[in-house]
Every structure is written in C-alpha cells, then in structure tokens.
Amino acid sequence: MSNDKFEKGLAIRKQVLGEAYVNHSINNADDFNLPLQELVTEYCWGAVWGRDELSKPERSLINLAMISALNRPHELKLHVKGALRNGLSKTQIREVLLQVAIYCGVPAAVDSFRIAKEAILEYEQERNE
C-alpha cells in the first residue's frame, strides 16, 4: 500500500515506536495481518497522529492513560518507550499512571507502573548501547 496518509503514518509510527519495531511489524506481516498493519499505519498514525491539533507528547499522554485503562500490557510498554521518544519525562509518565489509579483502579495502575518501569529501563539501556 502506498498513499500520502500511509506514508505520513509510516514516518510518524517509526518516529514514535522506533524504526526497528515498525519495520519488523510490517516486514513480518502476512496475508492474514497485513491489512491490519496497513489500516493502523494509515488511519491511526497518518490520519490521527498526523493531525496538528495535538502535539505528539500530548497524544502520548492520552495513549498511556487509555492503554493502561484497557489493560493492554504489550501496547503500554511500546507506548511508554514512544512517550519517552516524544520527549515526555518519567515524571510525566508517572503522573498519568497515578491518574489511572484514581479513575481506572489501583490494579490497573499497579500493572501499568510495573510495565512502565520495565519499558523505561529497556529504553535507557537501548539509548546507552
């Protein structure tokens, strides 16, 4: 697939999630899940993340809260690293997860803090290599 929204989305997706992760996701897609990769890249990353009304750090804050509330650990770890790439601090990430504790429940926050801590350590290790 190649169109303007897809190409824009691909660039944003790589910037936020990391080029290696995105390339792996797309290059390892098969007939079954390639349509999902195309949909996510074009609409999630191109049509929504590509809008100018919110900054990438603002979008990251929103995503961390929603993904924590939805209890999606794999996506949370990925988006914590993305939030750090977007310039969010560990303090900002912590504050979002504290907000999650109040509005979504302590168990969601406990899991989210654990996953976020792992992601932060991995991100810092990757940057130091």
Side-chain angles (χ1 to χ4, degrees):
M1 166 174 274
S2 184
N3 64 46
D4 291 343
K5 277 202 187 350
F6 179 86
E7 295 302 323
K8 182 177 186 176
L10 186 60
I12 295 169
R13 189 176 180 195
K14 287 179 179 181
Q15 179 186 8
V16 175
L17 302 181
E19 190 166 343
Y21 174 83
V22 174
N23 286 343
H24 178 78
S25 295
I26 292 175
N27 293 337
N28 288 302
D30 57 23
D31 290 342
F32 180 72
N33 64 356
L34 181 60
L36 177 63
Q37 289 296 319
E38 293 170 344
L39 178 78
V40 166
T41 302
E42 182 174 352
Y43 290 102
C44 175
W45 294 99
V48 176
W49 274 79
R51 295 174 61 84
D52 295 327
E53 288 74 12
L54 292 175
S55 68
K56 286 181 184 65
E58 290 170 325
R59 291 186 189 281
S60 283
L61 289 169
I62 294 165
N63 271 17
L64 293 178
M66 291 187 299
I67 294 167
S68 293
L70 291 169
N71 190 25
R72 298 294 184 256
H74 174 79
E75 290 295 314
L76 180 60
K77 187 178 240 185
L78 187 60
H79 278 276
V80 166
K81 292 178 183 180
L84 293 166
R85 280 188 202 93
N86 281 337
L88 292 183
S89 68
K90 291 187 275 188
T91 301
Q92 290 171 306
I93 292 168
R94 180 190 66 211
E95 292 303 312
V96 168
L97 299 181
L98 287 171
Q99 193 89 359
V100 166
I102 300 304
Y103 287 93
C104 301
V106 172
V110 169
D111 283 347
S112 295
F113 266 91
R114 181 183 48 76
I115 292 161
K117 186 174 178 179
E118 289 174 13
I120 290 166
L121 290 172
E122 287 176 16
Y123 177 81
E124 289 172 345
Q125 288 173 347
E126 291 166 7
R127 290 189 54 121
N128 291 328
E129 292 178 350

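Throughout, residue positions are numbered sequentially from 1 according to the sequence presented. Just so you know, these numbers come straight off a predicted model, no measurement behind them.
Although no hydrogens or angles enter the test, the distance criterion places a donor-acceptor pair under 3.5 Å between the side chain of Arg85 and the main chain of Val16. Formation of a donor-acceptor pair under 3.5 Å by the Asn3 side chain with backbone atoms of Phe6 is found in this model. In this structure, Asn33 contributes its side chain and Ala29 its backbone to no donor-acceptor pair below 3.5 Å.
Residue pairs meeting the salt bridge (Lys or Arg N to Asp or Glu O under 4.0 Å) criterion with at least one member in residues 17-34: none, sequence neighbours excluded. Applying the salt bridge (Lys or Arg N to Asp or Glu O under 4.0 Å) test to pairs two or more places apart or on separate chains, those with a residue in residues 102-116 are Asp111-Arg114, Arg114-Glu118.
Rounded to the nearest 0.5 angstrom, Ile93 CD1 and Ile120 CD1 are separated by 5.0 Å. Separating the CD atom in Gln125 from the CG atom in Asn128 is a distance of 8.0 Å, to the nearest 0.5 Å. A distance of 11.5 Å separates CD of Gln99 from OG of Ser68, quoted to the nearest 0.5 Å. Distance check: Ser112 OG to Leu64 CG gives 9.0 Å after rounding to the nearest 0.5 Å.
Taking every heavy atom of both residues into account, Pro73 and Ile115 meet most closely at CB-CD1, 3.2 Å. Residues Ala65 and Val96 come closest through the heavy atom pair N-CG1, 3.7 Å. Taking each heavy atom of Val22 and Leu17 in turn, the nearest pair found is CG2-CB, 4.1 Å. Across every non-hydrogen atom of Ile67 and Leu76, the tightest pair is CG2-N, 3.4 Å.
With sequence neighbours excluded, the residues satisfying side chain to side chain contact (heavy atoms under 4.5 Å, CB included) with Glu122 are Lys77, Lys81, Glu126. In this view, Lys8 and Ile12 satisfy the side chain to side chain contact (heavy atoms under 4.5 Å, CB included) rule, not counting sequence neighbours. Taking Lys90 as the reference, Glu124 meet the salt bridge (charged side-chain N to carboxylate O under 4.0 Å, His left out) condition, with sequence neighbours excluded. Listed by chain and residue number, Leu39, Ala47 satisfy the side chain to side chain contact (heavy atoms under 4.5 Å, CB included) test with Tyr43 (two or more places apart in sequence, or in another chain). For Arg51, the side-chain hydrogen bond (donor to acceptor under 3.5 Å, both in side chains) test picks out no residue, with sequence neighbours left out. Not counting sequence neighbours, Arg94 has no partner by the salt bridge (charged side-chain N to carboxylate O under 4.0 Å, His left out) test. With sequence neighbours left out, the side-chain hydrogen bond (donor to acceptor under 3.5 Å, both in side chains) criterion links Gln37 to Arg13. Partners of Ala101 under the side chain to side chain contact (heavy atoms under 4.5 Å, CB included) rule, at least two apart in sequence or in another chain, are Ala109.
Val80 and Ile62 are assigned to two separate hydrophobic clusters, defined by single-linkage of ILVMFWY side chains at heavy-atom distances under 4.5 Å.
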What do the steps show when you test Ile26 against Glu38 for side chain to side chain contact (heavy atoms under 4.5 Å, CB included), and what is the final call? CA-CA 8 Å; Ile26 292 175; Glu38 293 170 344; over 6 Å; no
I'd like to know whether Val100 forms a side chain to side chain contact (heavy atoms under 4.5 Å, CB included) with Phe113, so could you lay out the CA-CA distance, the side-chain angles of the two residues, the decisive distance to 0.1 Å, and finally the verdict. CA-CA 10 Å; Val100 166; Phe113 266 91; over 6 Å; no
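Side-chain contacts under 4.5 Å among hydrophobic residues (ILVMFWY), followed directly or transitively, place Leu34 with no other residue at all.
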Give the table of side-chain donor-acceptor pairs shorter than 3.5 Å for residues 52-61, with sequence neighbours excluded, one pair per line with atom names and distance.
residue	atom	partner	partner atom	Å
Ser55	OG	Glu58	N	3.1
Ser55	OG	Glu58	OE1	3.3
Glu58	OE1	Ser55	N	2.8
Arg59	NH2	Val48	O	3.3
Ser60	OG	Lys56	O	3.4
Ser60	OG	Asn86	ND2	2.8

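No more than 12 heavy atoms of other residues, nucleotides or ligands shown are found within 6.0 angstrom of NZ on Lys5.
Side-chain atoms of Leu78 and Tyr21, non-hydrogen and from C-beta on, do get closer than 4.5 Å to each other.
Ring geometry for His79 against Trp45 counts as parallel: the plane angle stays under 30°, on a 0 to 90° scale with 60° as the upper cut.
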